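Notes follow once the structure below has been shown.
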Amino acid sequence: MLFYYQMLLVTSAIFTFWLISRWGRQISIFISLSVLLFPLINLCYLKLAISTTVSEALLCNGLIYILSFLMQFLFFLYVFFFCKIKLNPLLILSFFSIIFLWVYTVTLSKFTVGIFYKTVSHYQVNGISYLKKTYLPMHTVYYALIFVLVTVDVSVLLYGLHKKEVSKKNIVFLFAMYAMIVAAFFTGRAITKSIEVMPLVYVLTQVLFLLLAPRLVLYDIDLLVSGTIAQEGMIGIAAFDFSMRYLGSNSRATTFLPELSNLYVDSKLPDDCELFIKIKNLLGNFSKNHKTDIYLPKEDFILRISATYLFRGKRPCGYQLRITDATKEQKYLQLLTNYNSDLEKDVAEKTSRLQQIMNQFLMGIAEMVQNRDNNTGEHIKRTSTIVKFLTDEMKKDNFLQLPKSFYENLVKAAPMHDIGKISVDDAILRKPGKFTKEEYEVMKTHAQKGGEIIYHIFKDIDAPEFAGISESIANYHHERYDGSGYPKGLKGEEIPLEARIMAIADVYDALVSERCYKPAYSFEKAFEIIQEGMGRHFDPMLNKYFLACREKIEAYYKENL
């Protein structure tokens, strides 16, 4: 039998530790203190079971009475707190002090025998100690006091059923807990007197608390909010579960939004009020894409209503609305918006002019480099046009789902693909004929040097996408899809997409243009060479775009060659 008390003590201690560690910061202080008393009472029952003298047994027994009274009194306070009924702290303290002094006197003082008990004897059965007691009327007074506290609790809970700001489901849970304790007490006494049933009842009560704690936390708005957000001045808070049922709100929220005072706890947001429709839309948008704010103009001010998750412990359990006065903020933002609008217009105009200057500058450099190569500056214009034709088709298809800015920056960067030729000696660059093997190796360095030049030009300019595309086409437009190109011998999709596109435009223009070492090829011949190169020289994925714009390219060349 001793194992029975030991097991219940250990179990009670584990349950207490779990409840406090899991919910201690978010659950009412009255519940937290009550839970701490459970293992203390079970410890007293164990000490009573192993006591060896009457005085030791009486001490343990008296502590059980006092701790049980404290627990019942904490339940009493919690029921008022749960039903949102305010009590006078001074009155409660005075009442508690008087009653506690009386309980102490009749249960633990040297006058216990003679006031509480008529006679007391101590005996053991199978190693378990028992007290045999005959009671005096004062013992009945103690139970009458407990009965009064329980009766008041039940009455307050019944009253809470009629309050719209109190959860009816939680009241049912609390009723069930009281019913279990009372039933177990009387049933246990009737079934057996060889063991104490109350230690088991207290452990079962802890189990109920463990089951009830998540709901108590969910409906205790003040504690729940304090665990969810840091208080930031005068903030209204309203809470809803994931089914958009109303959980409650603080006084500031109902001041901002009087419509909330018409809602019943556990009721769903109705559709008969414009405000509630806006709140439902806000919560719906928040759950989908975390759009969190709406602004609500009132007569003399503007409210900002923000949605966040409501947390129970570390897990989201619903939605929280934070309602603040945003009047000053909105007026300031309006002034700032007007100022920024004028400023943005001015900046946009100046930026546009700077962009035009930059484009002309880059085009000038590209033409200068091209003219050193015995080619006209028209080469860079023609290749840029082919690139634009190709990217136009790619945008229509949208297979690669690339941003519009990629195509725009590629067209702008295309004129700079041969900028590295500026570093090649004139004797090689302007040679009127085919290169020797050594000269060709020098000529091939223009790709890598072009990438380096562009890197140094743009490294301190805040245009990362344009800079990256420019560097890639300069560096890799002579790479081949089968890996036989230069400067690095990249293969397939290792070659940046912009360089693969540039390669088609560069080769096509070279084919249909007259050079010092070859005549101009016909459009048909150039087309055949490009088609033969698909999969070897060029990315075959780009062929459908080349075919789609072939007529445009040939029409353009007929007008410009």
Side-chain angles (χ1 to χ4, degrees), residues 1-51 57 59-82 96 99-100 103-104 107-108 128-129 142-143 145-147 149-150 153-154 157 170 173-189 192 195-217 220 223 313:
M1 295 303 296
L2 185 60
F3 176 74
Y4 166 80
Y5 294 100
Q6 292 171 333
M7 179 188 68
L8 291 178
L9 173 60
V10 172
T11 304
S12 179
I14 292 173
F15 285 167
T16 295
F17 174 80
W18 170 253
L19 191 67
I20 296 300
S21 62
R22 181 68 179 86
W23 303 108
R25 293 184 179 181
Q26 293 180 280
I27 207 166
S28 166
I29 185 64
F30 305 118
I31 296 297
S32 297
L33 291 174
S34 298
V35 169
L36 289 173
L37 293 177
F38 283 117
L40 294 178
I41 295 176
N42 280 325
L43 176 61
C44 290
Y45 274 110
L46 174 61
K47 295 293 289 183
L48 175 60
I50 62 175
S51 62
L59 174 63
C60 295
N61 190 69
L63 287 173
I64 290 171
Y65 276 89
I66 286 182
L67 293 175
S68 298
F69 167 75
L70 285 175
M71 182 181 295
Q72 184 57 54
F73 191 77
L74 288 169
F75 286 169
F76 171 85
L77 295 177
Y78 177 72
V79 166
F80 278 83
F81 171 80
F82 173 77
F96 172 76
I99 299 300
F100 183 80
V103 173
Y104 173 83
T107 59
L108 276 180
I128 302 298
S129 295
Y142 174 86
Y143 277 106
L145 173 62
I146 298 298
F147 177 79
L149 292 177
V150 172
D153 285 350
V154 172
L157 289 174
N170 285 357
F173 271 105
L174 292 175
F175 270 131
M177 183 183 70
Y178 268 118
M180 186 203 71
I181 294 174
V182 173
F185 176 79
F186 288 106
T187 303
R189 289 294 177 92
T192 179
I195 61 170
E196 286 288 347
V197 177
M198 290 310 295
L200 177 60
V201 172
Y202 288 135
V203 171
L204 294 176
T205 303
Q206 284 182 281
V207 173
L208 282 181
F209 269 126
L210 287 170
L211 297 174
L212 187 57
R215 291 191 57 83
L216 296 179
V217 169
D220 191 341
L223 286 176

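Everything numeric here is computed off the predicted structure, so don't read it as measured data.
- In this structure, CD1 in Ile146 is found 10.5 Å from CE in Met71, a value given to the nearest 0.5 Å.
- With sequence neighbours left out, the ring-ring contact (aromatic ring centres under 6.0 Å, His included) criterion links Phe100 to Phe96.
- For the atom pair CG of Leu157 and CG of Asn170, the computed distance is 10.5 Å after rounding to the nearest 0.5 Å.
- A distance of 10.5 Å separates CG of Leu70 from CG of Leu63, quoted to the nearest 0.5 Å.
- Side chains of Leu210 and Gln206 form no contact here, defined as non-hydrogen atoms less than 4.5 Å apart.
- The distance from the CD1 atom of Ile14 to the CH2 atom of Trp18 is 12.0 Å, given to the nearest 0.5 Å.
- In terms of the ring-ring contact (aromatic ring centres under 6.0 Å, His included) criterion, residue partners of Phe80 (sequence neighbours excluded) are, by chain and number, Phe76.
- The aromatic rings of Phe38 and Phe75 sit tilted relative to each other, their planes meeting at an angle between 30° and 60°.
- In this structure, CE on Met198 lies 10.0 Å from CG on Leu204, to the nearest 0.5 angstrom.
- Between Leu67 and Ile41, the closest heavy-atom pair is CB-CG1, 3.5 Å.
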(request) Start with the C-alpha gap between Tyr142 and Ser68, add the side-chain angles, then the distance that decides, and say whether side chain to side chain donor-acceptor pair (under 3.5 Å) holds. (result) CA-CA 11 Å; Tyr142 174 86; Ser68 298; 5.0 Å; no
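- Inter-residue side-chain proximity for Val154 and Phe175 is flagged as met; some heavy-atom pair is nearer than 4.5 Å.
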(request) Go through the steps for Phe30 and Val79 under the test side chain to side chain contact (heavy atoms under 4.5 Å, CB included), then give the verdict. (result) CA-CA 9 Å; Phe30 305 118; Val79 166; over 6 Å; no
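- Remark: the backbone N or O of Leu48 is paired with a side-chain donor or acceptor of Ser51 at under 3.5 angstrom.
- Within the 4.5 Å cutoff, the side chain of Asp153 has heavy atoms near those of the Gln72 side chain.
- Not a single donor-acceptor pair under 3.5 Å links the side chain of Tyr5 to the backbone N or O of Pro199.
- Rounding to the nearest 0.5 Å gives a distance of 12.5 Å between CG of Leu37 and CG of Leu43.
- Listed here is the closest heavy atom pair of Cys44 and Ile64: CB-CG1, 3.5 Å.
- A donor atom on one side chain and an acceptor atom on the other are not found under 3.5 Å apart for Tyr45 and Ser12.
- The two residues Leu200 and Leu8 have their closest heavy-atom pair at N-CD1, 3.6 Å.
- Annotation for Pro39 and Leu9: closest pair O-CD1, 3.3 Å, computed over non-hydrogen atoms.
- The main-chain N or O of Val35 is found under 3.5 Å from a side-chain atom of Thr16 such that the two form a donor-acceptor pair.
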